[in-house]
Amino acid sequence: MADATQNVTLTVNGKTITAAKGTLLIEACKQNGIEIPAFCYYPGLSLQGACRMCLVEIEKMPKMQTACTTPVAEGMVVQTETEKVVQARKSTLEILLANHPLDCPVCDAGGECELQDMTYKYGAGESKFIDIKSHRDEQQWSPVIFYDRPRCILCYRCVRVCGEGMDVWALGIQNRGQGSVIAPNQGGKLDCEDCGECIDICPVGALTSSTYRYKTRPWEMTHTGTVCAHCADGCITTVGVRRSDTGSEIVRCDNRDRSGLNDDFLCGKGRFAFDFASSKERVTTPLIKRDGKFVAATWAEAVELVAARFKKAGASLGVIGSNHTTNEENYLLQKFARTVLRTNHIDHHRTADYPSFARAIASSKAQTASLKDVAAASAVLLIGGNPSEEHPFLAWQLRTAVRQHRQKIYVVNAAPIKLKKQAAHFLQVTSGKEGEFAAAFSGDAAALAHLGVDTARFDPFTAALASESSLLVVFGSELRGAGIDKLVATFAPKGAKFLCLGDYANSRGAADMGLFPDLLPGYQKAENSGLALPQMLDAAAAGTFEALWVVGANPAARHADVNAFAKPFLVVQDMFLTETAQHADVFLPASFAYEKAGTVTNTAGDLQRLKKASDVHGVKPDFEIILRIAEKMGADINALVPFRGYTSADAGQSRGPQSGEADRNAVFTEARGLEAKTSPLDPTITLEEIAQTVPGYAVSRLKLLAGEAQPTTLVQIDPAGIASHSELIVPARNGLYASGTLGGYSETLRAMGATHRAAEPVGAD
Amino acid sequence: MQLIQNIAAIAKGMSITFMEMFQPTTVENYPDGKGPMKGAVFQERFRGMHVLQRDEQGLEKCVACFLCAAACPSNCIYIEAADNTAEVRISSAERYAKVYNIDYNRCIFCGYCVEACPTDAITHGHGFELASYNATNLVYRKEQLLAIAPAHQGANAMFNASEPEKAKAQA
């Protein structure tokens with residue numbers, strides 16, 4: 001381990017460099033701009049010294065040494081470019097290529113292959129071997145992972161990332177020496193989480209994915225890094241898109257640019273579950289129900305009908321928002337509902353008690369944690385939840401932190417979750433009583449009795465926990481209302497940071513943007529409370545609601561009474577004809593996260609920018625749909641989206657020919673990936689309004705546009721008047737192979753789930 | 001005197017013209033010449049319409065590596081790749097081109113695609129009569145570009161077929 005307090009000085013190629021004691025030679029050289037090639041070395045994983053590519057000459061050492069396993073030492077004299085080193089690299093490559101097939105033209109890695117690059121740079125173009133290359137047929141290890149043995153160069157990166165990184169240990173080595181092969185530990189098939197990390201980390205094309213295999217080549221795609229549409233962690237996934245006859249087709253998602261807060265990590269959902277976008281079941285034209293049957297309609301017809309019926313309904317209208325739509329769309333939706341439709345009957349599927357969390361944080365003046373803080377924390381208290389299943393990136397961070405700097409994890413859970421293995425202390429409590437832990441920690445004997453833990457186990461746990469100087473508290477949706485208040489009040493005085501776990505990509509954003517009947521954006525109390533989701537559906541079933549507007553949600557999956565959807569005039573904006581959409585009177589086809597711009601907030605409150613990656617003919621983003629309905633209803637668009645002042649030249653975003661100054665700005669911003677292409681339908685301006693009206697959202701816009709996750713805070717919220725509605729919270733509990741409605745329409749995800757476990761219970765949204 | 005000199009000069013000039021009348025012609029008589037080429041004659045290296053070649057087994061040589069499309073300066077090659085399966089084997093490698101279009105509106109016949117091809121699948125043929133009244137006809141599909149299939153893949157099926165089948169095929 002590198003020790004930043006002590007430096008050593010060494011000489012590399014005649015240049016004197018300084019590095020922290022304990023740094024590996026390969027890293028020290030990299031920091032000083034000296035490149036040493038390597039295959040098996042991967043930062044963050046254990047050392048292997050298998051590929052022999054990084055051999056360098058070190059004075060006073062009789063033979064060449066591997067730079068990836070040699071720590072720097074005082075006075076070391078290293079040569080990395082001598083004739084001997086160059087020859088060694090050439091020979092290494094020649095041996096690696098001895099059995100490597102020359103199928104670069106068909107190989108998936110062709111064009112982004114480390115072996116190709118190295119051979120081009122260091123290698124000998126011709127081989128001295130005349131023997132026939134040994135060939136083995138390709139093997140399919142899981143629904144998504146293929147292995148092509150002859151391409152493998154045995155760097156063991158996949159074995160290490162699977163074991164150390166993912167704590168799955170599904171891959172291993174069979175045989176020895178020349179006969180060594182990478183193989184699943186369980187007889188020919190992988191028993192793993194299908195995260196696909198092994199594919200991403202493979203320097204060659206030995207491991208390939210079924211979703212991308214032989215489809216196209218890396219340079220043929222447009223790559224856009226955007227926020228994953230699945231769980232609430234908000235990882236960046238790089239979406240590779242090709243043009244197709246439907247507009248564009250997503251060919252792969254991976255983590256190649258490593259620019260997001262997720263760094264090296266991406267789970268199976270983010271990597272493989274994107275095929276719902278081009279699903280056959282996807283609807284791409286507006287539908288109007290006539291005589292009980294859906295009939296294709298134009299956007300103008302559909303929007304006109306919706307606007308007329310909404311106008312007729314007046315305040316007798318319920319609005320159900322989404323956990324998937326962007327912050328801007330959610331903000332616009334509630335603003336439209338409250339100012340134009342004049343109704344407070346607006347709600348969404350709540351998966352965690354964010355209002356109580358906001359109230360607790362603001363009342364105790366406590367700190368919220370960004371997801372980036374987890375890896376750096378010295379101790380983490382995890383109450384409830386199951387990160388390995390529901391928040392794979394959070395679990396990855398915890399495992400990495402334990403491995404790399406001995407982070408201490410304290411787990412309080414009703415079940416022995418997978419993270420128990422990494423936990424320093426584990427406390428199994430009665431299911432449903434997780435919320436009483438804080439009270440028991442403060443010495444409440446009754447709470448301790450509820451927890452069902454005897455003091456012999458409880459005392460050592462709390463003693464160790466109390467001795468931690470800094471703490472990060474992560475809690476799942478088991479904790480609600482008073483439980484959160486007590487937890488925050490207990491640990492806030494110790495300077496702890498808090499993180500509340502919810503379920504969907506923008507659950508936190510939906511809460512922050514005020515998709516509540518009683519709370520406005522930023523959890524400000526609304527003057528008159530509307531009906532909450534279940535009451536709304538009851539009212540609709542009773543026939544008191546004229547119309548119901550469901551934006552990107554599927555309440556019918558959890559609500560048995562079909563009258564709630566059949567009776568009112570139902571308008572649904574979604575990608576598919578879901579259980580809810582089946583009852584719709586008007587169906588408006590919407591685009592999803594990868595097809596629009598905007599921002600989303602992950603469960604830790606990190607605000608990130610969604611970038612438009614692909615496009616499908618016929619569908620529209622919810623933002624545009626809402627505005628079109630508003631316009632047809634005769635609402636003042638400028639009051640809803642105040643873009644008027646921002647398209648002028650001084651905002652630096654106009655592309656008009658008369659504004660030369662602005663065009664120069666545009667060139668500057670576009671060249672740096674900062675451009676926010678502003679049009680009246682661009683949500684960026686709404687982000688400006690959000691930053692002004694929602695406490696904690698006034699983050700650096702420049703950094704946000706540059707793609708950095710910006711933590712928002714809750715401490716400025718006014719806690720007065722935030723009521724707890726614990727009964728309204730229905731956690732989705734999406735495991736590794738489920739993702740609400742989206743997951744249900746992803747064949748790949750279903751195939752992955754089918755081989756590994758029984759299907760997840762439906763609780764979709 | 002002057003007159004005689006002029007007549008002599010004309011006679012001298014015309015003698016060459018009359019002499020050449022009995023020599024064989026050297027210009028190409030396209031399109032009124034004989035044979036399928038209609039009198040057009042090409043050098044071997046002439047770069048005409050592309051031909052996608054087949055290997056000895058009659059399988060397509062193209063493995064859809066996209067290198068031609070990458071090399072193309074006018075961006076006129078469009079490919080969609082697909083997997084070979086045991087039942088449907090189109091090329092000898094794992095992948096084949098499901099769609100292979102060349103847009104001759106854009107092609108400048110530079111030959112970079114031929115040079116880039118690692119399997120010698122794409123070559124320049126001698127086809128040159130590409131002109132069309134309709135620009136959309138100039139996007140050539142794989143079926144139009146492929147070399148003729150060998151006999152065992154059914155190129156001569158017509159001759160081997162029985163009489164009723166032959167009649168059906170012609171109808």
Side-chain angles (χ1 to χ4, degrees), chain A residues 100-113 116 119-120 125 133 135-140 143-151 204-223 240-252 275 278 748, chain B residues 50 52-55 57 59-103 105-106 112-123 136 139-142:
Chain A
H100 193 88
L102 289 175
D103 64 351
C104 301
V106 283
C107 177
D108 275 344
E112 51 186 16
C113 169
Q116 237 178 11
T119 308
Y120 202 72
K133 298 190 182 214
H135 177 78
R136 296 294 162 95
D137 281 338
E138 232 175 342
Q139 302 167 344
Q140 183 168 15
V144 287
I145 296 167
F146 282 78
Y147 176 63
D148 194 328
R149 184 184 150 184
R151 288 183 194 153
V204 293
L207 286 155
T208 53
S209 78
S210 67
T211 52
Y212 174 64
R213 232 168 131 254
Y214 301 133
K215 276 221 180 98
T216 183
R217 318 235 53 197
W219 62 85
E220 279 287 306
M221 292 179 282
T222 315
H223 288 100
V241 165
R242 281 204 78 193
R243 62 185 165 152
S244 79
D245 46 9
T246 57
S248 57
E249 189 197 352
I250 302 175
V251 193
R252 75 168 178 197
D275 52 342
S278 48
T748 313
Chain B
H50 300 86
L52 289 172
Q53 301 291 351
R54 295 175 185 274
D55 64 12
Q57 278 80 42
L59 294 170
E60 288 170 21
K61 278 187 174 177
C62 177
V63 295
C65 72
F66 292 77
L67 285 174
C68 48
C72 182
S74 57
N75 201 11
C76 68
I77 303 180
Y78 175 79
I79 307 172
E80 274 176 32
D83 247 352
N84 278 312
T85 56
E87 299 83 47
V88 187
R89 177 151 284 282
I90 308 286
S91 76
S92 57
E94 285 93 336
R95 190 169 54 199
Y96 73 98
K98 189 173 69 181
V99 177
Y100 194 107
N101 293 346
I102 295 182
D103 184 352
N105 289 297
R106 296 177 136 240
Y112 282 10
C113 50
V114 177
E115 231 167 283
C117 185
T119 59
D120 292 338
I122 188 163
T123 57
T136 55
V139 180
Y140 276 54
R141 284 169 294 113
K142 192 175 88 171

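Numbers restart at 1 for each chain; the letters A, B, ... are given by sequence-line order, proteins then strands.
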For B:Thr136, what residues pass the side-chain hydrogen bond (donor to acceptor under 3.5 Å, both in side chains) criterion, not counting sequence neighbours? B:Asn134

For atom OH of B:Tyr78, is the number of surrounding heavy atoms from other residues, nucleotides or ligands below 6.0 Å larger than 12?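 Enclosed: over 12 neighbouring heavy atoms sit under 6.0 Å from OH of B:Tyr78.
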
For atom CZ of B:Arg89, is the number of surrounding heavy atoms from other residues, nucleotides or ligands below 6.0 Å larger than 12? yes

Closest non-hydrogen atom pair between [X] and [Y], with its separation:
X	Y	value
B:Glu94	A:Glu138	CG-OE1, 4.5 Å
A:Cys107	B:Arg95	N-NH2, 4.5 Å
A:Pro105	B:Cys65	O-CB, 2.8 Å

Side chain / backbone / both / neither for A:Arg243 at chain B, heavy atoms under 4.5 Å: both

Interchain contact, B:Ala70 with chain A, by part (heavy-atom threshold 4.5 Å): both

Checking A:Tyr214 against B:Val63 for the side-chain contact (heavy atoms from CB on, under 4.5 Å) test, could you report, in this order, the C-alpha distance in whole Å, the side-chain angles of both residues, the deciding distance, and whether it holds? CA-CA 10 Å; A:Tyr214 301 133; B:Val63 295; over 6 Å; no

